[in-house]
Structures are given as C-alpha cells and as structure tokens.
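In what follows, chains are A, B, ... by sequence order, proteins preceding strands, each numbered from 1. Any value given below was found using the heavy atoms of this structure, including those in side chains, with hydrogens, waters and symmetry copies removed.
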Amino acid sequence: MKIPPVKGTRDFYPPEMARHNWIIDGWRKASLRSGFEEYDGPIFEHLSMYQLKSGQEIVEQLFSLQDRGGRDLAIRPEITPTLARMVNQRINALPRPIKWFAVPRLCRAERPQKGRLREFFQWNIDIVGEDSGQADAEIIFTTLDYLRMVGLTPRDVQAKISSRRLLAAVLTSIGIPAARLEALYAVLDKKPKLPPETFDALLAEQVPDTYQAEKIRALMALNSIEQIAGIVEPNEALAQAVDELRTVLDILNAMGMGDYCAFDPSIVRGLAYYTGVVFEVHDIAGELRAICGGGRYDNLLRDFGGPPISATGMGMGDCVLEILLEQRGLLDKQVPKRELEYFVALADPQAIRSVYEIAARIRSKGRSAGFSYRQGGLSKQLKEAAGQDARICVIVGQEYRDKRQVVLKNMGTGEQELVDVEQFLSRLGS
RNA sequence: GUGAGAGUAGCUCAGUUUGGAUAGAGCAUUGGAUUGUGGUUCCAAGGGUCGAGGGUUCGAAUCCCUUCUCUCACCCCA
C-alpha cells in the first residue's frame, strides 16, 4: 500500500534541501550581523495559548491534539506567542533591548495554494523593550538587508510602510468613532486587491457619510506623510503619529534603504494586535502575496500575563520568498553546488586497502573524500567521480606500490601531477 | 466552506476529438562500447493498476456515472 505525502507538505530531496539551507543561512547571517540572538521553543504549545488572542477562525486553522493526559495542545502556527511566553518568564533578568530571532517550522491547517502551504518555515525577528522608532527601523532594515544580500533590488521589491496610530488619528479626527475603526481597517486592507468601484462600494457600507468617505479616499491616495497636513487639521495625536513614522523613515534613509521604502496607507495588516508602525514587503509587480509583514505590537506581552512592555517584529515565510527568488533567477547561481573535494580512484586492483587508508586520512584532515564501492576500471571510477562533482581525483596505481606516489587529477582542468602521498597529505593541514 | 482546471513511466508530456492488436517520446536511472583516464557521443535495458471503482461495448487510456487526489482562485491570512 502506497502512502501519499500529507496535503500541503513538502519533501526536501537533496537539491531542494540545498536551496532551503541556503535561504535559512542567509536569514541567520542577516540576523546576526544586526545583533539579533537566536532562540527557539517547542513545536507544540497549550491550545489555550493560541485561543487567548485569536479569533475562532484562526483556532479552526490549528493542528491540535490531545496528549495522553487529556491536555489540549496545538502545533505552533506562529512563534510570537512562544516569544511572549519566554520573555515574560524572565522579563526581569533579560538585558534590554531584547533582540531575538528564530527560524521556526510552523503548521497551519489552511487550504494550500501558491505561496502558501500547511507546513512552512518562517524567519522571525523581534525587538522587545524599545519604544522608539529606532526599533521599528532596525526591524525593517534587517529585513531589507537580507533581501538586498540575496540580490533583490528596489526594482524587485518594496517595503510599504504605514502606522496604525497614524490611521487611527486621521480617522478619529474626521469623526469616525473608535468602535468602528477595526471594521474599517479590514476594508482599507483590501483596497490594493480590489477594483476602485468595488472598494468605493465597500467603503460606503462602512462610512455612509460622503464627506468622510471622500477624506478616506484622499488619505489612501497619499504617497508621502507630508501630504497628510493637506487632508486633516493638525492635532496632538496626529502630530505624534506622524513624528514616529517620520523617524522610522529618516533612519531607514540614513541607513541607505530609502530606495526600498515607501509610505503606503493601505498597509493595515490583518490581525488586531498591531498598535503602531506596520509594514509589508511586496514584489513590485504585485503578482505574489506579501513576502513578509510586521509591525509594532505594544500590548501583546501584557496580554500574555506580563508587564506592559513594547515590542516590534517581522515574520517572513519561505514559500513566497522562494518563488520570487526562483523567478528572478537568484537561486541556481547562488545556492552552493554539491561538491566532493577528493575522490580516491583505484588503478591497481591489489591496492584496494590503500584506497580505504588514503580516503580515511584525507577525511581526518577535515576534507571530504569518497571512493567507489564497486569493482571497475579506472574509466568507470572517473565517471563516478564526475557524477559526484569531485574536484580532484587521487589515483592510486602502480607508482604507489613502487614509490608511494599518487596521481592528482584536477577534474575541472584535466591537469595531472604525480606526487608523494605523504607530501600531499601534509599539504592538507591539520 | 465556494468555484474552476488537471490526473498516462521518477520528471515533462504525446495519444482522448473519431473506442481497435503488446500504450509511446524526451530527460533521468542502470548496463555496455572503454581492464591506467571522466564530462561528449553511440548502443541497450529496467521502469505503467493510463488516480480508483462501476457501467456501456466483441473490444475502453479514449464514451457514461461515482469517487479520490492535486493545482489555481475566492474566504482567511497570525
């Protein structure tokens, strides 16, 4: 009986594993060079941890299980609650700011489609305990630093940045009641995906007042925060929100990321826990779903039973990223090829023991070495070596028995040299 | 949960319109040409429940019904 793979999962055969590892290595490098430390938690948690701050729909998209003690558990669909739990547990002992990153494997029982699977990896970076826009700018910088490092340019991707505080301040000042903001956010969030008439119709449902609706349309059309003054009267809350966002954009400019960044008021982000700066990175063509998203969530630690400490972060899944990198031809030329440094070939059937010995001694020097498990001519062995992408073949033949010499054949150039085996091995270093 | 499309070799596909004999090709794999020199080339081999079940028929990959799976889009997107 054949057992199929589970829906929405991937098998990583060696070529896919090489790509995957290259992506994750890049995430780690970008994190570490911006001063983030790696952490991780368990792959399952108490179900109640995800019920705490999430809606019913989201709980239905969890893979949940009961352990033998009857405890309700769930495979993690995100790592931010785990981060909140871990930070809260040691909040008084951790030096701040807390800059942590993780590359968790996550599961969500959603319907799979392009760029979205049921099991995936997600790069997370978070800064806890820093209120200023410097932290938001660091998160966005680190994200863009990675994307730039793998070869994506401002012609490929753009960080669209906005602020929930700013949105709230504008909407409140034109007379939208605070209780209606949440529902309105959902409409604004959809704007880029909808034709203008459809958006207008949805907006009219939420905001029947044509004056207010007109103001909102004007707000959504802005592409610079300076233009906000032209839409609404200044006030304290608005000035603060504008100032915070301007700080973030200024820092990103100073760090050389200005070309990647744009103010975009249609960025709202789905879930309720965002409180301040929010951002998403999209492919310029807009063909794919968001590459990553993040923002400030100042209430989350408190909501998980900790003190009121601010936080800001970002999550980037591997699925959309890999599709984009493949599209741009950035994978094949950058993912390291499989490579075997030495292949020990046998040209003297009586010397098979020397092949084992030499291969083992090369390995003991920290270099990779292989040899053929089959009996066959030298021609066969070289073919096998080529198949394994060996760089150099060490040919053990008659000269070895006579004078302890082997032939080193460079498989790239075809050049050969006859060398003393002890000299060759000592050249390899410790 | 809703809608559309697709299932034939490990992969990419032809064959289905108009039913016909042992279901094909390229790539990949394995062996040989080649017992001290690889990549190229040439020859050969292995590999199939034509997604599954039922029906029509002398005869079904092909027509009909049911079902499963996958993909894409919608909903949602932490």
Side-chain angles (χ1 to χ4, degrees), chain A residues 1-11 13 15 45 49-62 74-84 104 106-118 120 122 124 126 186 189-190 193-194 198 268-274 278 280 287-290 292-295 297 300 313-317 319-320 323 340 343 345-351 372 374-401 406-416 418:
Chain A
M1 183 170 66
K2 250 192 189 170
I3 298 173
V6 173
K7 181 200 281 283
T9 62
R10 287 170 290 181
D11 293 327
Y13 287 84
E45 294 271 8
M49 189 160 91
Y50 302 113
Q51 292 170 321
L52 193 61
K53 285 302 292 174
S54 311
Q56 185 56 37
E57 289 227 4
I58 279 164
V59 171
E60 280 168 12
Q61 293 185 335
L62 290 173
I75 300 177
R76 62 188 178 186
E78 57 171 329
I79 202 173
T80 310
T82 301
L83 170 76
L106 307 176
C107 293
R108 298 175 186 173
E110 296 176 299
R111 199 83 160 239
Q113 51 192 283
K114 191 176 184 184
R116 183 206 262 178
L117 298 170
R118 289 187 162 187
F120 58 97
Q122 190 182 64
N124 281 80
D126 290 275
D189 193 46
K190 286 193 174 72
K193 296 175 215 158
L194 298 175
T198 316
V268 182
R269 304 285 297 149
L271 231 65
Y273 68 50
Y274 289 105
V278 286
E280 288 177 359
E287 289 166 1
L288 305 173
R289 55 185 72 243
C292 70
Y297 51 98
L300 193 69
M314 182 286 302
M316 178 187 296
C319 302
V320 174
I323 291 169
L340 185 68
F343 188 98
L346 179 66
D348 172 4
Q350 298 177 37
S372 180
R374 289 178 298 186
Q375 293 186 335
L378 183 58
S379 173
K380 282 277 165 52
Q381 295 178 64
L382 290 176
K383 190 174 266 208
E384 189 173 339
Q388 294 179 23
D389 298 307
R391 282 188 4 162
I392 291 173
C393 270
V394 179
I395 300 170
V396 182
Q398 187 66 41
E399 312 83 22
Y400 183 75
R401 219 191 310 168
V406 293
V407 174
L408 297 185
K409 180 183 178 70
N410 182 312
M411 297 296 278
T413 64
E415 286 170 22
Q416 301 193 171
L418 189 61

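Spacing of C1' atoms, B:rC43 relative to B:rC11, comes out at 24 Å, to the nearest Å. B:rC68 sits 34 Å from B:rU30 when the C1' atoms are compared, rounded to a whole Å. Separation of the P atoms belonging to B:rU22 and B:rG36 is 48 Å when rounded to the nearest angstrom. Comparing the same atom, C1', in B:rC70 and in B:rU8 gives a spacing of 15 Å after rounding to whole Å. Only the C1' atoms considered, B:rG59 is 27 Å distant from B:rC13, to the nearest whole Å. Between the P atoms of B:rG48 and B:rA25, the separation comes to 15 Å (whole Å). Nucleotides B:rA14 and B:rA33 have their C1' atoms positioned 32 Å apart, rounded to a whole Å. Rounded to a whole angstrom, the distance from the C1' atom of B:rU16 to that of B:rC63 is 10 Å.
If you check distances only, the side chain of A:R116 does reach the base of B:rC76 with a donor-acceptor pair under 3.5 Å. No N or O donor and acceptor, one from the side chain of A:R269 and one from the base of B:rA78, sit under 3.5 Å apart. Donor-acceptor pairing under 3.5 Å, judged by distance alone, is absent between the side chain of A:Q416 and the base of B:rG36. Side-chain atoms of A:Q113 stay outside donor-acceptor range of the base of B:rU71, with no qualifying N/O pair under 3.5 Å. With hydrogens and angles left out, the side chain of A:R111 and the base of B:rU2 share a donor-acceptor pair within 3.5 Å.
Across all strands, A:K190 comes closer than 4.0 Å only to sugar-phosphate atoms, never to a base (heavy-atom distances). Among the protein residues, A:Q398 comes within range of the nucleic acid bases, having at least one heavy atom under 4.0 Å from a base atom. Counting any heavy atom pair closer than 4.0 Å across all strands shown, A:Q388 reaches no nucleic acid atom. Nucleic acid contact for A:G315: none, since no nucleic acid atom lies under 4.0 Å from a heavy atom of the residue. Residue A:R76 is classed as having no contact, given no heavy-atom separation below 4.0 Å to the nucleic acid.
B:rG19: no Watson-Crick or G-U partner with both key distances under 3.5 Å is found in any strand. Searching all strands for a Watson-Crick or G-U wobble partner of B:rC13 with both distances below 3.5 Å returns B:rG24. Checking B:rG1 for Watson-Crick or G-U wobble geometry (two distances, each under 3.5 Å) identifies B:rC74 as its partner. Pair check for B:rU30 finds B:rA44; Watson-Crick or G-U wobble, both atom distances under 3.5 Å. As the counterpart of B:rA6, B:rU69 is assigned, both hydrogen-bonding distances of the Watson-Crick or G-U wobble pattern falling under 3.5 Å.
The salt bridge (Lys or Arg N to Asp or Glu O under 4.0 Å) pairs that include a residue from residues 380-400 of chain A are A:R374-A:E384, where partners are two or more places apart or lie in different chains.
With hydrogens and angles ignored, the 3.5 Å screen pairs no side-chain donor or acceptor of A:Q398 with any backbone N or O of A:D348. Between the side chain of A:R108 and the main chain of A:P77, a donor-acceptor pair closer than 3.5 Å is present.
Spacing between atom CZ of A:R118 and atom C1' of B:rC76 amounts to 13 Å, rounded to whole angstrom units. Nucleotide B:rA78 holds its P atom 13 Å from the CE atom of A:M314, rounded to whole Å. Look at CG on A:D189: it is 10 Å from P on B:rC76, rounded to the nearest Å. The interatomic distance linking A:E110 (CD) with B:rA78 (P) rounds to 9 Å, in whole Å. The CD1-C1' distance, from A:I395 to B:rG36, rounds to 8 Å in whole Å. For the pair A:F343 CZ and B:rG39 P, the interatomic distance rounds to 14 Å; values are reported in whole Å. Straight-line distance from the CD atom of A:E415 to the P atom of B:rG38: 17 Å, rounded to whole Å. Regarding A:D348, its CG atom lies at a distance of 16 Å from the P atom of B:rU35, rounded to whole Å.
Classified by interplanar angle (parallel below 30°, tilted 30° to 60°, perpendicular above 60°), the ring pair A:Y297/A:Y274 is perpendicular.
Inter-residue side-chain proximity for A:L346 and A:Q375 is flagged as unmet; no heavy-atom pair is nearer than 4.5 Å. Using a 4.5 Å cut-off on side-chain heavy atoms (C-beta onward), A:V394 and A:L408 make contact. For the pair A:I323/A:L288, a side-chain contact is recorded, criterion being any heavy-atom separation below 4.5 Å from C-beta on.
The side chain of A:R374 lies closest to B:rU30, out of B:rA78, B:rU30, B:rG36. Side chain of A:A386, nearest nucleotide from B:rC76, B:rU37, B:rG38: B:rG38. Checking B:rC77, B:rA78, B:rU37 against every side-chain atom of A:Y274, the shortest atom distance belongs to B:rA78.
Considering all non-hydrogen atoms of both residues, A:P112 and A:K7 come closest at CG-CG, 3.9 Å. Among all heavy-atom pairs drawn from A:G412 and A:N410, the shortest one is N-OD1, 2.7 Å.
Two residues, A:E280 and A:V6, neighbour RNA chain B, and the one matched to the more 5' nucleotide by heavy-atom proximity is A:V6. Of the two residues contacting RNA chain B, namely A:K7 and A:E384, the nearest-nucleotide position lying further toward the 5' end is that of A:E384.
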Practice item. In sequence, state the C-alpha distance, the side-chain angles, and the governing distance for A:L300 and A:T80, and then conclude on side-chain contact (heavy atoms from CB on, under 4.5 Å). Key: CA-CA 9 Å; A:L300 193 69; A:T80 310; 3.5 Å; yes
Exercise for review: Take A:R116 and A:C319 through the side-chain contact (heavy atoms from CB on, under 4.5 Å) test and state the conclusion after the steps.
Suggested key: CA-CA 6 Å; A:R116 183 206 262 178; A:C319 302; over 6 Å; no
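For the OP1/OP2 pair of B:rG38 and a distance below 4.0 Å, the side-chain nitrogens and oxygens of A:S379 include at least one atom meeting the criterion. The phosphate of B:rG32 has OP1 or OP2 within less than 4.0 Å of a side-chain N or O from A:K380.
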**Study point:** nucleotides 42-47 of chain B: protein proximity per nucleotide (B base, S sugar-phosphate only, - neither; heavy atom, under 4.0 Å)
**Key:** ------
